[in-house]
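Below you'll find the structure, written out as structure tokens, and then a few comments.
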Amino acid sequence: MEFRKNDLVTLEIEDCGIDGEGIGKADGFTVFVKDAVIGDTVTAKIIKAKKHYGYGRLMEVLKPSPYRVEPKCAFARQCGGCQLQALSYEQQLVFKTNKVKGHLERIGSREYAMVICLICMEPIIGMDELFHYRNKAQFPVGRNKEGKIVTGFYAGRTHNIIENRDCALGVAENKEVLDRVIAHMEKYGIEPYNEATGKGLVRHILIRYGYFTKEVMVCLILN
């Protein structure tokens, strides 16, 4: 069956792609669906169709996966920084293990990969703390539609800033730094960079936290 743009399809999500998108098949046609989770049954709208595969937008979760969880971050679906927050951490580790094994099979022979996986490959060591572990982050700065100075992360495949000063993955110290920098910019009329006009001063705020020294490095990337 041939599928076209705007067609609605029902899919059972069987795998995840390299960007965390769910993968399902309809009559042999493979569809990649952002925000769908392994084990979901979903309705998706085709937004881009190739000969044997396409990309879909998640319209409705008909039957949620047993591995689906509520993301810790309210912006997880919009933000381009996270892909797997709706998938339980235990299943994330299974997914990553299978990806490593799959890559070994494609790079070498299947027999070689089986030897590596069965004899040499140790289980993935998961994290004790699932959030606030990243000690480095770079936040773009701009203005929202109301003219307010904002910072956060870009939405997926765009340069639209999703406002968020308290990322669930970054260290807690990031928020205080961002609050101070933005307050200083507002107080002294310092303009964020505007990609459309090429004007403005502050493009990004780079923060690195030292877990052992407890020091915070702040770099302003300027125009």
Side-chain angles (χ1 to χ4, degrees), residues 16-22 32-37 45 47-48 55-59 61 68-87 89 92 127 129-223:
C16 276
I18 58 173
D19 292 323
E21 69 277 31
F32 298 85
V33 186
K34 182 181 179 296
D35 303 314
V37 168
K45 177 186 283 189
I47 57 176
K48 186 176 182 180
Y55 298 90
R57 178 180 292 113
L58 178 63
M59 304 302 291
V61 178
R68 178 176 279 278
V69 296
E70 186 67 27
K72 181 179 178 66
C73 177
F75 308 103
R77 184 168 179 178
Q78 302 165 269
C79 181
C82 292
Q83 291 81 31
L84 297 176
Q85 273 200 36
L87 185 66
Y89 186 60
Q92 288 183 33
M127 297 184 292
E129 299 295 333
L130 305 186
F131 301 99
H132 299 297
Y133 60 87
R134 287 186 181 171
N135 74 323
K136 177 188 173 185
Q138 184 164 319
F139 299 85
V141 186
R143 288 190 182 275
N144 63 14
K145 294 179 180 179
E146 290 72 39
K148 176 186 173 184
I149 297 178
V150 296
T151 187
F153 292 101
Y154 291 130
R157 304 182 185 277
T158 76
H159 273 201
N160 299 324
I161 298 174
I162 303 299
E163 183 178 3
N164 182 11
R165 301 186 192 180
D166 190 18
C167 172
L169 301 189
V171 293
E173 287 76 7
N174 287 343
K175 184 178 186 306
E176 182 180 356
V177 171
L178 296 173
D179 286 348
R180 290 192 183 195
V181 173
I182 299 301
H184 185 85
M185 292 175 65
E186 291 173 338
K187 181 177 179 179
Y188 292 99
I190 299 171
E191 282 295 312
Y193 179 68
N194 185 314
E195 289 188 346
T197 65
K199 298 180 179 179
L201 184 63
V202 182
R203 298 186 65 144
H204 296 266
I205 303 168
L206 171 66
I207 306 171
R208 187 190 294 270
Y209 175 76
Y211 278 114
F212 296 104
T213 66
K214 307 303 179 185
E215 293 178 319
V216 180
M217 179 182 76
V218 181
C219 297
L220 301 183
I221 292 85
L222 307 179
N223 182 24

Tell me every residue that passes side chain to side chain donor-acceptor pair (under 3.5 Å) with [X], counting only those two or more places apart in sequence or in another chain.
X: Glu173; answer: none
X: Arg143; answer: Glu191
X: Arg203; answer: none
X: Arg208; answer: none

Quiz item: What residues form a salt bridge (charged side-chain N to carboxylate O under 4.0 Å, His left out) with Arg134, not counting sequence neighbours?
Solution: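 Result, salt bridge (charged side-chain N to carboxylate O under 4.0 Å, His left out) vs Arg134: none returned.
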Restricting to ring pair (Phe, Tyr, Trp, His ring centres under 6.0 Å), what partner residues turn up for [X], sequence neighbours left out?
X: Phe32; result: Tyr55
X: Phe212; result: none
X: His184; result: Tyr188

Test side chain to side chain contact (heavy atoms under 4.5 Å, CB included) applied to [X] - qualifying residues, sequence neighbours left out:
X: Leu206; result: Lys136, Gln138, Cys219, Ile221
X: Glu176; result: Arg180
X: Thr158; result: Ala155, Asn160

- Hey, what do you get for OH (Tyr89) to CE (Met127), rounding to the nearest 0.5 Å?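 Taking OH in Tyr89 and CE in Met127, the distance rounds to 4.0 Å.
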Distance in Å, Asn174 CG paired with His132 NE2, rounded so as to fall on 0.5 Å steps:
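Nearest 0.5 Å value for the CG-NE2 distance: 9.5 Å.
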When you measure from the side chain of [X] to the backbone N and O of [Y], does any donor-acceptor pair fall under 3.5 Å?
X: Gln85; Y: Cys73; result: yes
X: Asn194; Y: Lys199; result: no
X: Tyr209; Y: Gly170; result: no
X: Asp19; Y: Gln83; result: no

task: Side-chain contact test, heavy atoms from C-beta onward, threshold under 4.5 Å: evaluate it for Leu220 versus Ile205 and give yes or no.
output: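 The answer is yes, as the side chains (C-beta and beyond) meet within the 4.5 Å cut-off.
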Pairwise side-chain contact, Leu130 with Lys72, heavy-atom cut-off 4.5 Å (strictly under):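 Of all side-chain heavy-atom pairs linking Lys72 with Leu130, none is under 4.5 Å.
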Go through the steps for Asp35 and Arg77 under the test salt bridge (Lys or Arg N to Asp or Glu O under 4.0 Å), then give the verdict. CA-CA 7 Å; Asp35 303 314; Arg77 184 168 179 178; 2.9 Å; yes
So the ring pair (Phe, Tyr, Trp, His ring centres under 6.0 Å) pairs with at least one residue in residues 155-183 (sequence neighbours excluded) are Tyr154-His159
